[in-house]
Every structure is written in structure tokens, then in C-alpha cells.
2 protein chains.
Amino acid sequence: MPAEASTSRPASSPLTERQEARRRRILHASAQLASRGGFDAVQMREVAESSQVALGTLYRYFPSKVHLLVATMQDQLEHMHGTLRKKPPTGDSAAGRVAETLMRAFRALQREPHLADAMVRALTFADRSVSPEVDQVSRQTTAIILDAMGLADPTPQQLSAVRVIEHTWHSALITWLSGRASIAQVKIDIETVCRLIDLTDPDRRA
Amino acid sequence: MPAEASTSRPASSPLTERQEARRRRILHASAQLASRGGFDAVQMREVAESSQVALGTLYRYFPSKVHLLVATMQDQLEHMHGTLRKKPPTGDSAAGRVAETLMRAFRALQREPHLADAMVRALTFADRSVSPEVDQVSRQTTAIILDAMGLADPTPQQLSAVRVIEHTWHSALITWLSGRASIAQVKIDIETVCRLIDLTDPDRRA
DNA sequence: CGCTAATCTAGAACAAGTTTCAGACTTGAT
DNA sequence: ATCAAGTCTGAAACTTGTTCTAGATTAGCG
């Protein structure tokens with residue numbers, strides 16, 4: 001596997017400079033509009049206009065609104081992973097560190113709830129045509145969690161626990177975004193699910 | 001709280017017979033179209049035509065496509081809860097019974113994957129305007145799980161565990177529907193998360 | 001029965017995602 | 001520098017969810 005920016009994307013044809021710039025302008029416009037009014041506020045015509053690109057071009061870069069928003073999420077996730085790396089969590093147990101990390105991410109999302117709404121809704125609404133991109137987001141999330149656990153090569157059990165944590169994370173986020181769960185509840189649920197980690201830690205049979 | 005059909009819905013104005021019939025026709029058409037081609041195949045004009053109702057009327061009964069599909073899900077969930085009641089799960093532990101119940105539900109959904117797709121996508125895409133209906137679905141799901149646990153009054157911890165199980169259930173379903181997880185993986189994740197139940201059972205500190 | 005308010009119907013109109021197309025511009029290779 | 005292939009632009013068209021309107025029907029009531 002050749003060294004490549006953690007960004008991923010096989011880079012089937014390396015974009016020229018101007019193309020890279022267009023791509024960034026589009027993602028920036030997308031995030032900006034999303035921050036304003038969430039999923040609905042990201043209108044393809046407006047994204048095109050804001051990023052100084054023809055509508056057809058926008059669709060060449062991102063074949064659908066969902067693709068665009070999922071790519072926006074990848075972009076934001078990288079930021080976040082970078083930020084988290086700088087200040088690793090300090091808890092004693094793996095479970096505690098993961099919970100701390102997720103709550104930190106959660107607080108970051110709280111600062112831009114509309115953006116969070118747009119990204120998460122796109123993510124869960126995505127159909128099979130977006131699977132590769134969604135998968136990439138999922139791998140990135142997994143990496144963040146494994147980082148917090150401080151684990152190099154997890155057992156299958158632990159991987160399952162991590163998947164369950166991700167499930168809970170996404171779904172809890174949705175219930176919070178749609179106003180059906182309080183922040184406190186999200187916190188409790190995150191902490192609850194993180195106990196699964198200790199449960200699957202071979203060293204620490206409670 | 002007055003006794004009312006488990007169906008819910010405060011019944012602000014009791015529908016006449018013809019109205020009730022229209023409502024059923026609509027839900028039936030919705031489920032039928034969904035079974036064919038999933039979320040996208042449920043087109044409001046087609047639902048209206050199939051159920052012999054004007055488009056405006058359809059929108060009077062269900063104020064959006066998402067409302068319609070969430071109502072369809074409520075409908076199906078009731079069916080399922082009824083079916084499950086008849087053959088309660090037989091496992092020894094609460095965790096086992098819940099896992100068994102969920103996997104049974106999962107197999108039922110497998111039989112109509114397109115319908116499952118439509119319902120689950122609508123559920124997670126729903127915004128605040130659909131919260132009451134989504135909440136109702138969530139309560140129904142909770143009831144099914146608590147039934148399987150054989151629990152009358154759960155502790156807050158147990159409620160959190162149940163919420164986490166629901167999160168996992170929904171999210172795992174989505175990853176399966178979008179082809180990003182195998183059935184085997186869903187099974188493992190369900191079983192993994194169900195261990196939380198034993199973990200929070202006051203009687204059975206493993 | 002006859003009236004009134006609510007409901008239903010058919011169909012047009014509107015909004016936003018997506019597709020299409022003809023022509024202008026870039027790029028890379030020769 | 002020139003040409004071919006690929007890309008970008010602007011604008012219109014198409015699709016499907018949603019709203020609106022005018023007139024027909026129905027339900028409940030005196």
C-alpha cells in the first residue's frame with residue numbers, strides 16, 4: 001500500500017491544481033451553507049454559485065447532494081482526527097478514553113449543529129451508490145476509536161464492540177439532532193456502550 | 001391514561017369509516033410500492049393513484065412522504081409485535097432472548113428488503129417535524145425489547161442499555177441495507193450489544 | 001329535507017435535485 | 001504552435017415532492 005495522505009481516495013486521475021482548488025471551493029461552500037441551515041440549506045444551485053462553478057461541474061465532482069455532504073463529512077472528520085491526535089484522552093481505562101473522545105467530538109458538533117445535521121442525515125440517508133464514501137467515513141471513525149483505545153491489532157470481538165459503538169454514536173447523534181434525546185442522555189448512552197470495551201478486553205476480565 | 005388500542009395516536013377527531021378505509025388503502029399502497037423498489041419507488045403521485053385518493057387528500061392524511069413511511073413502519077411494527085407475542089423467545093438469559101427476538105425481526109425484514117429500506121431510511125431521515133411519530137416507533141421498539149427481557153419496571157441503567165440496543169439495531173440495519181455489512185456481521189453486533197443487558201442486570205452480576 | 005362546514009377531487013403551479021446540450025476553454029502530446 | 005480530447009459554462013429541460021385553487025361531495029344538524 002503506497003504512502004498516501006490519510007485522506008484516502010485512490011486518486012484515479014490526479015487532479016490539476018485548478019481542479020483541486022475547485023474541489024476545495026465546493027466543499028467550503030457546502031460546509032458554509034450547511035452551517036447556516038442544515039441539510040435543506042445545502043441547495044445544489046447555491047453551492048454551485050457560491051463556489052463559482054457551473055451546476056454541471058458540481059455534479060461532475062460530486063454526483064449527488066448526498067455524495068457532496070458525505071465528502072464534506074470526510075473533510076471535517078480529518079480535521080477532527082488531527083485535533084484529537086494533538087490532545088489524546090487521559091482516562092485510565094480504554095472505555096473511559098473512548099467515551100471521553102466521543103464526547104469531545106460531540107461537543108465539537110454541538111458548536112455547529114446545523115452542519116452536524118446535514119452531514120449525519122446525508123450519511124444515514126446514503127444508498128448503495130455512496131457505499132464506498134460512507135465506508136471511508138466509517139473507517140475513519142473506527143481509526144479514531146481504536147486510537148483512543150490505544151490498540152494496534154484488535155480481536156474480532158473488539159472490532160464488533162467498536163462497530164457497536166459507532167452504531168450507537170451515529171444513532172444517538174440523530175436522536176439528539178432531531179430533538180428526541182437530551183445531551184445528558186447521549187452522554188449516558190455513550191458511556192453505557194463504552195463499557196462493552198472493558199467487557200471484551202482480554203487483559204481485564206472485570 | 002385512558003385505555004386505548006396499543007396503536008396510539010391521540011385520535012384528535014375520530015375518523016369516519018370511509019376515512020379509516022382511505023387511510024388503510026394509503027398505507028397498503030405505500031407498503032406495496034415500498035416492497036417493490038424501496039424508498040424511491042414510493043412516489044406520492046403513485047401512492048395517491050394506487051389508493052384511489054387525490055394527491056391533496058394524501059397530503060391531508062400524511063403531511064409528507066417521510067410521515068407516510070414512518071406511519072407505514074408503525075403499522076408493520078404492530079404486526080410484528082403481535083407475531084412475536086405469540087411465540088415468545090425461549091433463551092435462558094435476558095440477553096439471549098433479546099438477541100433472539102431481534103434476529104427474528106431481522107429475518108422478517110430480510111424477506112422484504114425493499115420495504116425495510118424504505119421504512120428505515122425514512123425513519124433516520126426524519127427531521128423534527130416528524131418527531132412525535134418517530135418517537136412512537138421508538139416506544140414500540142422499546143416495548144418489544146422489554147417484552148423479550150421479561151421486565152416490568154427497568155432501572156435507568158437498563159433503559160440506557162435498551163436505548164443503546166435500539167441504536168445498534170437501527171444503525172446495523174442501515175449498514176446491512178446499504179450493503180456495507182453482512183448478515184453475519186449484523187448478527188454478531190446484535191449479540192455483542194445484547195451482552196450489555198446482563199451487564200446491567202442487578203440480579204446477575206456475572 | 002336543506003343548510004353549512006368540512007372534506008375530497010382534478011389539475012395546475014412551484015421548488016429543488018438531476019440531466020442534458022451546445023459551445024467555449026484547458027490540457028497534454030506532438 | 002497546433003490539434004484532439006477532455007473539461008467547464010450557461011441555460012433549459014425533466015422529475016418528483018409539495019402547495020394551491022376552484023369546484024364537487026359528504027357529514028352532521030336543525
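It should be emphasised that the depicted structure is a prediction, and the values quoted were computed from it without experimental measurement. Convention: sequence-line order gives letters A, B, ...; per-chain numbering from 1.
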S.K.: Looking for any heavy atom pair under 4.0 Å, which part of the strands does A:Gln52 touch: base, sugar-phosphate only, or nothing?
M.R.: sugar-phosphate
S.K.: Less than 3.5 Å apart, which donor and acceptor atoms pair up between the side chains of residues 42-55 of chain B and the rest of the protein, not counting sequence neighbours?
M.R.:
{"residue": "B:Ser50", "atom": "OG", "partner": "B:Glu46", "partner atom": "O", "Å": "3.1"}
{"residue": "B:Ser51", "atom": "OG", "partner": "B:Val47", "partner atom": "O", "Å": "2.5"}
{"residue": "B:Ser51", "atom": "OG", "partner": "B:Ala48", "partner atom": "O", "Å": "3.4"}

S.K.: Pick the nucleotide of DNA chain D nearest each of B:Arg45 and B:Thr16; which residue has the one closer to the 5' end?
M.R.: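 Checking each residue's closest nucleotide, the 5'-ward one belongs to B:Arg45.
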S.K.: Quick one: list whatever passes side chain to side chain donor-acceptor pair (under 3.5 Å) with B:Thr57, sequence neighbours left out.
M.R.: none
S.K.: Which of residues 29-43 of chain A sit near DNA chain C, with a heavy atom under 4.0 Å from it?
M.R.: A:Val42, A:Gln43
S.K.: Return the set of residues passing ring-ring contact (aromatic ring centres under 6.0 Å, His included) with A:Tyr59 (not counting sequence neighbours), or none when no residue passes.
M.R.: none
S.K.: Does DNA chain C take part in any stems of at least 3 consecutive Watson-Crick or G-U pairs (both distances under 3.5 Å), and if so, which ones?
M.R.: C:1-30 with D:1-30
S.K.: Please list every donor-acceptor pair under 3.5 Å in which a side-chain atom of residues 26-37 of chain B meets a protein atom from a residue at least two apart or in another chain.
M.R.:
{"residue": "B:Ser30", "atom": "OG", "partner": "B:Thr72", "partner atom": "OG1", "Å": "2.9"}
{"residue": "B:Ser35", "atom": "OG", "partner": "B:Ala31", "partner atom": "O", "Å": "2.8"}

S.K.: Looking at residues 53-63 of chain A, who's got a heavy atom less than 4.0 Å off DNA chain D?
M.R.: A:Val53, A:Ala54, A:Thr57, A:Arg60, A:Tyr61
S.K.: Test of understanding: with side chain to side chain donor-acceptor pair (under 3.5 Å), list the residues that count as partners of B:Asp40, not counting sequence neighbours.
M.R.: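 For B:Asp40 there are no side chain to side chain donor-acceptor pair (under 3.5 Å) partners, ignoring immediate neighbours.
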S.K.: 5' to 3' on DNA chain D, which nucleotides open and close the contacts with chain A (atom under 4.0 Å from a heavy atom)?
M.R.: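 Counting from the 5' end, contacts occupy D:dT7 to D:dA13.
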S.K.: Under the rule for side chain to side chain donor-acceptor pair (under 3.5 Å), what residues qualify as partners of B:Arg139, not counting sequence neighbours?
M.R.: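 B:Asp135, B:Gln136.
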S.K.: Considering residues at least two apart in sequence or located in another chain, which fulfil the ring-ring contact (aromatic ring centres under 6.0 Å, His included) criterion with A:Phe106?
M.R.: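 Here the qualifying residues are A:Trp176.
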S.K.: Can you list, by residue number, the residues of residues 114-125 of chain B that have a non-hydrogen atom closer than 4.0 angstrom to DNA chain D?
M.R.: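 Per residue number, the list is empty: none.
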